[in-house]
Amino acid sequence: MENEKIDIAIVGGGVSGVYSAWKLKTKYPNKKIVLFEGGDHIGGRLLSVIPPGIPNMVAELGGMRILENTQHLIVKLIDDINAKLSQEDQIKLYDFPVDQPQNIAYLRGEHLRLSDFTSEPDKVPYKLSFLEKGNTSGAIIVNAIEQLVPGITNTELTEKERLKMCQEATFEGEPLYKLGFWNLLYRVISGEAYQFSIDSGGYNSTLVNWNAADAIPWYLSDFGIKPVYKGFKNGFQQVPISLANFFEADGGEIRLDSKLEGFESKNNLFELTVNGEIIEATQLILAMPRRSLDLLTNTSPRLQEIQSLISSVTPRPLFKIFTTYTSPWWRNAGYNDSEGEYVPLQSGRTVTDLPIRQTYYWPLNNGHPSVSGESMLLASYDDGSNIGFWDGLRPQRKKAWKKGISHAELLDDPFIGEYSETESLLSKALNQTWHQYQAPRKMVEELSRQLKQIHDVDYAPAVKNASFRDWGEDPFGGGWNSWNIGVKSWEVKEKIIHPIDNCSLYICGEAYSDGQGWVEGALQTADMMLTKFIAVESKTPVQQEATL
C-alpha cells in the first residue's frame, strides 16, 4: 500500500501550530497541509473548561491572561480574528485583577493583608534591611534590577530596547547572558528579601537561576513596568480554536489523537511515523516545546543533529486546580477598613508560602467578582519545586503519555462531583469538558485543609467539583520554558526556526522566544519561522544550493 503524501506537515496543535497552519493555507491554498496533534484538543497549553452548573464562568487550566500594553502580537491577532467572526462569536476581554490590598498574605504562619507590605511593614515576618522594608516583592526586585542594569526601568523604553540593553550589559566585567538571575539578585538584596520575594510573589521559578539577560526584561514586562492584564470572557482557548476553524474552512486538515512517533529525512522527503503509519511530507514544521522535541529525539536522527539548540532551554513545571462551591465563602474573610467599612475578599489573588502558593477568587466571565451563588476558586496556582508536593496525591506524571493518552488518567479514588448539568454550547465549542480533568480526592482534601488555614476559618463549605492540570506531564514537560545560563538566546531563536541548511525542517513555539511562558512568544517564533519558510521554499533547488 502506498504511503500517504502531503505537502506540509505541522506537528503540534497549540497556538504556534494552528497559527502557522492558517497562515500557510492562506499563502498556499492549493497545497495539502495537515496539522497533527498528539492530544485530544486544540490549544496546547491553552485549556478552557466550563465548571458544572456555572455557565457564566470559564476555568483556565492553562494560560489565562495577556499583557495588553506590551504584547502587541496577540492583541493584533485578536483584532484579526474578530474581523472574521460574527458579532456573537467575537473574542471579548475583561480587566483581569491580580493584587488587591485587602487580600491575604499568609507567610511564616502570620496572617497579613497585601496592603501591610507597605502600610504596616513591621508586621512582615522577614528580617529586611532598612531599604528593603516597606516594599512589595515586585518593588524589591525592580529596584535590584535597576542596580544591576542602570536605566533599564525607564518607562519610556520599549521591550526591544530592554532586550538589547541586557544583551549588551555586563556585571563586574561578565556579560549578563553568562550569569544567573538568582546569583545576581543575591549580590544586591539580602537573603531574607529574596525569600520574601519568592514567598509573597507567588512563584518559585521566576527568580531561579536562569539566563539573566533574558530573565531581567522578562520580569520587568510581567511584574515591573505597569502591567495591564486582560482575561477572556469565553476562555483563552477560543483563540486557537478560531484559528483552527479558519484553517479547516480554507481546506486544511486537523487530525487529533495523532501522535508523531518519529521521523526520517529521505530523498528530500520526510517519512513521519504517526500512530504506526508512515506518511510522507515535503516540509515539516514542529510547533512544539522542548520536552516534546526531546521525546522525539531517539527516533528522529535529524533532531539528534541539533540537540545543542533544543537543550538551550529548561522546562518549568506549572500546576493548577480549580474548585467550585455553593457560595463565595471567602468573602467573609475580608476586614474592616480604617473607616469601619467591611471590605470583602472578592477578586484578585491571595498568596502564601504553603504549597498551594496562590489562590485566585475567580471572576465571572465579564470580569466582575462573584458575590453570591455558585462560585469558583483557582484554588492553587503554583510552579517550580512546589509541584513536588502534589506528586504524592496524584497519578504518576509520565504514565499517561506512555499509555497513549494526553493527560492524567484517574483510576484510583477520583473526586467525583456533580456532573448532571447539560453542557453549554460554549463547552462543546471549547471541545474539552471539566470532568476530563477531575482531581484526585486526596488532592482536594489537602487543598481544602490549606485553604481553611490561609483564610483563618474553622469551616468552609465542601468542594462541589474539582478540576486540575499539571503541565509537567508529557508531552509538555512544563508550563513554560526558560533560557539556560550561557546561551545567547538572540542567536539560538534565529537559528532554531530553520536549524539545518538544505533541509525543510522548521521549529517554532513559546520555548525559543523572548516571551517564554506567553502566547506572545509562540506568535513571535511562528512569525519568524513563516518568514524563513516562505523565503527558503520560494527558491528553486539551484537557488537554495547557491546560498549554502
(message) Ignoring hydrogens and geometry beyond distance, is a side-chain donor-acceptor pair present between T350 and Y361 at under 3.5 Å?
(response) yes
(message) Under a plain distance cut-off of 3.5 Å, with no hydrogens placed, do E520 and Q524 share a side-chain donor-acceptor pair?
(response) no
(request) Decide if atom CZ of R187 counts as having more than 12 heavy atoms of other residues, nucleotides or ligands within a radius under 6.0 Å. (result) no
(request) Flag the pair D80 and K76 as a salt bridge only when some basic side-chain nitrogen lies within less than 4.0 angstrom of an acidic carboxylate oxygen. (result) yes
(request) Check for a donor-acceptor pair, side chain of T153 on one end and backbone N or O of E146 on the other, with a separation under 3.5 Å. (result) no
(message) Do the side chains of K495 and E491 get close enough for a salt bridge, i.e. N-O under 4.0 angstrom?
(response) no
(request) Assess whether side-chain contact (heavy atoms from CB on, under 4.5 Å) is satisfied between T314 and W210, documenting all intermediate values. (result) CA-CA 9 Å; T314 295; W210 57 300; over 6 Å; no
(request) Could you label the plane-to-plane angle of the F319 and F468 rings as parallel, tilted or perpendicular, counting under 30° as parallel and over 60° as perpendicular? (result) tilted
(request) State whether a side-chain donor-acceptor pair under 3.5 Å links D222 with Y229. (result) yes
(request) Compute the centroid of each ring, for W362 and then for F96, and state whether the two points are separated by less than 6.0 Å. (result) yes
(message) Are Y437 and F322 an aromatic pair, judged by ring center distance below 6.0 Å?
(response) no
(message) Here's a test for you: under salt bridge (charged side-chain N to carboxylate O under 4.0 Å, His left out), which of K493, K160, R162 qualifies with D514?
(response) K493
(request) Specify whether W480 and W218 have parallel, tilted or perpendicular ring planes, treating 30° as the upper limit for parallel and 60° as the lower limit for perpendicular. (result) parallel
(request) Using a strict 4.0 Å threshold on nitrogen-to-oxygen distance, state whether R291 and D474 make a salt bridge. (result) yes
(message) For the residue pair D382 / W390, report whether a side-chain donor-acceptor contact shorter than 3.5 Å exists.
(response) yes
(message) Within a 6.0 Å radius of atom CH2 on W490, are there more than 12 heavy atoms belonging to other residues, nucleotides or ligands?
(response) yes
(message) Check for me whether K320 meets the cation-pi criterion with Y381, that is, NZ or CZ under 6.0 Å from the six-membered ring centre and within 45 degrees of the ring axis.
(response) yes
(request) Compute whether any side-chain donor of one residue and acceptor of the other, for Y512 and N481, lie under 3.5 angstrom apart. (result) no
(request) Please examine the side chains of I74 and E68, heavy atoms only from C-beta on, and report whether any two atoms are closer than 4.5 Å. (result) no
(request) Apply the test side-chain hydrogen bond (donor to acceptor under 3.5 Å, both in side chains) to residues Y19 and D527: give CA-CA distance (whole Å), side-chain angles for both, the deciding distance (0.1 Å), then the verdict. (result) CA-CA 9 Å; Y19 174 80; D527 277 338; 2.6 Å; yes
(request) Using distance alone, with no hydrogens and no angle criterion, decide if Y126 and Q195 have a side-chain donor and acceptor under 3.5 Å apart. (result) no
(request) Using only heavy-atom distances, determine whether the side chains of N209 and N183 contain a donor-acceptor pair under 3.5 Å. (result) yes
(message) Can a side-chain donor-acceptor contact be found between T70 and E159 if the only test is distance below 3.5 angstrom?
(response) no
(request) Quick one: closest heavy-atom pair of A59 and P51, and the distance? (result) N-CD, 4.2 Å
